[in-house]
Amino acid sequence: MRKVYVVAGGVSKFAKARPDKTFTGLVREAYQEILDDLDMEAPQLNELIDSSVTSYFSDHFQRQLMAGIMGQDYLGLIPKPSHRVEGGGATGGICFQEAYKEVASGDADITLAFGFEYMSHVATWKGNEFIALASDVSFDYPVGGFYSGYYAMMVVRHMKEFGTTPEQMAHVSVKNHRNAYYNPYSQKPMKIGIQDVRNAPMVAWPLTRLDICTMSDGAAALLLVSEEGLEKLEKATGKTLPKVYVRAIGRGTDAMRLADRPHQTFDEFYKFNALESEKTSEAKAYYKELFEKGFKYPGVHSFRAGRMASKQAYERAGITDPAKEIDFVELHDAYTSSEIQTYEDMGLCYYGQGGPFAASGKAFLPNVEYGLTLPEKSQVPVNPSGGLIACGHPVGASGLMQGVFALWQLQHSIEKHFNNNKLQVPNAKTGAIHSHAGTGTYVTVSILQRED
Amino acid sequence: MDDKKKDIKMRVNEGLDQGTVLFNVPFPKDLQKLDEMAPIIIKQPYQIDYIHSYGQDSPFFAGLANKVFLGTKCTKCGKVFPTPRKSCAVCGSPCEWLEMPKEARLHSFTVCHFGSESFLKETPYILALIEFDGADTLFLGRLVGVDPLKPSLDWIGMKLKMKFRRLSQFSPTDVYFLPAD
């Protein structure tokens, strides 16, 4: 596999509805940011691009089949190679990884990844119906298909197993909405407290409206290049570009039906799922006790797909202690609860410790005032951009949006792009992006690295 | 010749209930100002009946209509799936049908105060993950007979019995659950 650099990215303004533009217009808006960043005109960059990969989640929302090619031709990239990828909420993350493969395999030197979703075509509750069609339509959807309900059942089990509390979940909401306050691209910047989250209208017990992301219209794009591609770009722009590369990718899957998730033993967990960081005697003793209390893995409280994606990415990157070796994470927080579950899958803490970890302060940024009493210092900021909860979740774009914000963190160019430096993770060198589908069916984890 | 002239009449979109005739759409004399125009937004209704076959899963729904709850069991590794599947999720081998016990327990649940459009009128309703003795996975169903406005973690582990809808709708909700005691 060849080394792949991520050189530039762009995000359209996300909003509940963007009637001022069609989806192709939103894609063009995101692409314009790449052009501006590289100080290039479209014909100049278009000529250099070898291929593209495009992502959008739902043909139902879009009500336009083959929408990917419309983005391609709107950008003026025809007749170059392109294909569309789809994988539920992980659509954008999969798009990133497929674009990586285009370049890593030698098939292309310069590839554009672009993704979008236009969700305002339908009203919110019809939109929820479309999303719920991403559950088994024979066995899940007819029972009361509603994603917030599925996630609520998962976290209720998490609460029962581990004592996780709604207040711990609310910490995630406070953090991400507050981070978004300094991100001009975000859809829902808010200064709120724990009680605001708990007092918001109940959607699916115990998740309130402020525990859940909203629907959005938006697009995002990233440019991935080989060493040769980088040379071509540097020659064309006359500039030396900051070097951020893809250190490793990982992907995992699990059963579509939540009810079908296995309930494995301690030995099976250690055989198939444990991370390097969980193989110390101290970690093994912790897990031994957990399993003796009746814990089964992954059950419905944990995302095995997220774990396997992390495990593959870490093994390929040579990361053995993720909480110490990763400087920040942009992860798929469609729900505050799933951010907590994902801390555990990604090995930022052990399974069962996600709740206390959320309230500890370790996932918060050092330079933002949250109005909370946090017992510990910032260690590995999670969703410094504000995440899906506060930035918005135009599904096919979300995973790429994470890539763009992670790139800017690693370029140390947050100030340039956000017009303020509040969200810049100091000395960020290693970042992880995590994109997640369904009730944890497809999950991608990609590690981005700033070159010294 | 006269017939052909009639065909010239505009016959576009007559079968679709879409769009609205708008009057006085502002239109500038200066074409450079067109980009400042507010977007025109129209409604496009879309309705469809899907013909859905349960295929190899059909016996499950026939079972519910006859007050029998069927799961499947892997012919190789022996895993038991109360949400039936004819191909094993663990080892990929074929599965065979078996009847599940009548008694179950609550594994997890939620109370939905909102829902997808089709379910909004049923709120608040309780979604429940059901566990059976001897099964390796769960079943998603509806729970009734508890107060949806007083949810409690203490419900988890509760013994449940199943009931079958008298007039079968050939939906997984033809079976539902309520406290055994």
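The sequence lines fix the lettering, A, B, ..., with proteins before strands; numbering per chain opens at 1. Values reported hereafter were calculated over all heavy atoms of this structure, with side chains retained and with hydrogens, waters and symmetry mates removed.
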Is it the side chain or the backbone of [X] that comes within 4.5 Å of chain A heavy atoms, both, or neither?
X: Ala128(B); value: backbone
X: Pro84(B); value: both
X: Leu127(B); value: both
X: Phe109(B); value: both

When [options] are compared by non-hydrogen pairs under 4.5 Å with chain B, the top option:
options: Thr124(A), Asp260(A), Leu207(A); result: Asp260(A)
options: Pro262(A), Ser138(A), Ala123(A), Ala132(A); result: Ser138(A)
options: Pro142(A), Ala255(A), Ala152(A); result: Pro142(A)
options: Lys160(A), His121(A), Lys296(A); result: Lys160(A)
options: Arg257(A), Lys21(A), Arg261(A), His301(A); result: Arg257(A)

Quick one: of [options], who has the most non-hydrogen atom pairs under 4.5 Å with chain A?
options: Tyr46(B), Phe60(B), Tyr176(B); answer: Phe60(B)
options: Ser118(B), Ala89(B), Pro124(B); answer: Ser118(B)
options: Leu153(B), Thr173(B), Asp154(B); answer: Leu153(B)
options: Lys79(B), His113(B), His52(B); answer: His113(B)
options: Val111(B), Val90(B), Asp57(B); answer: Val111(B)

Which atoms of Arg209(A) come close to chain B, meaning under 4.5 Å heavy atom to heavy atom: side chain ones, backbone ones, both, or neither?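 The side chain, not the backbone.
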Between the side chains of [Y] and [X], is the shortest nitrogen-to-carboxylate-oxygen separation below 4.0 Å, so that they form an ion pair?
X: Asp211(A); Y: Arg198(A); result: yes
X: Glu96(B); Y: Lys73(B); result: no
X: Glu36(B); Y: Lys33(B); result: no

Any side-chain donor paired with an acceptor under 3.5 Å for [X] and [Y]?
X: Asp140(A); Y: Tyr150(A); answer: no
X: Tyr297(A); Y: Ser302(A); answer: no
X: Glu117(A); Y: Ser216(A); answer: no
X: Thr441(A); Y: Asp254(A); answer: no
X: Gln264(A); Y: Asn273(A); answer: yes
X: Glu339(A); Y: Thr336(A); answer: no

ring-ring contact (aromatic ring centres under 6.0 Å, His included), that's the test. Do Tyr141(A) and Phe119(B) meet it? Break it down for me. CA-CA 10 Å; Tyr141(A) 177 76; Phe119(B) 300 101; 5.6 Å; yes
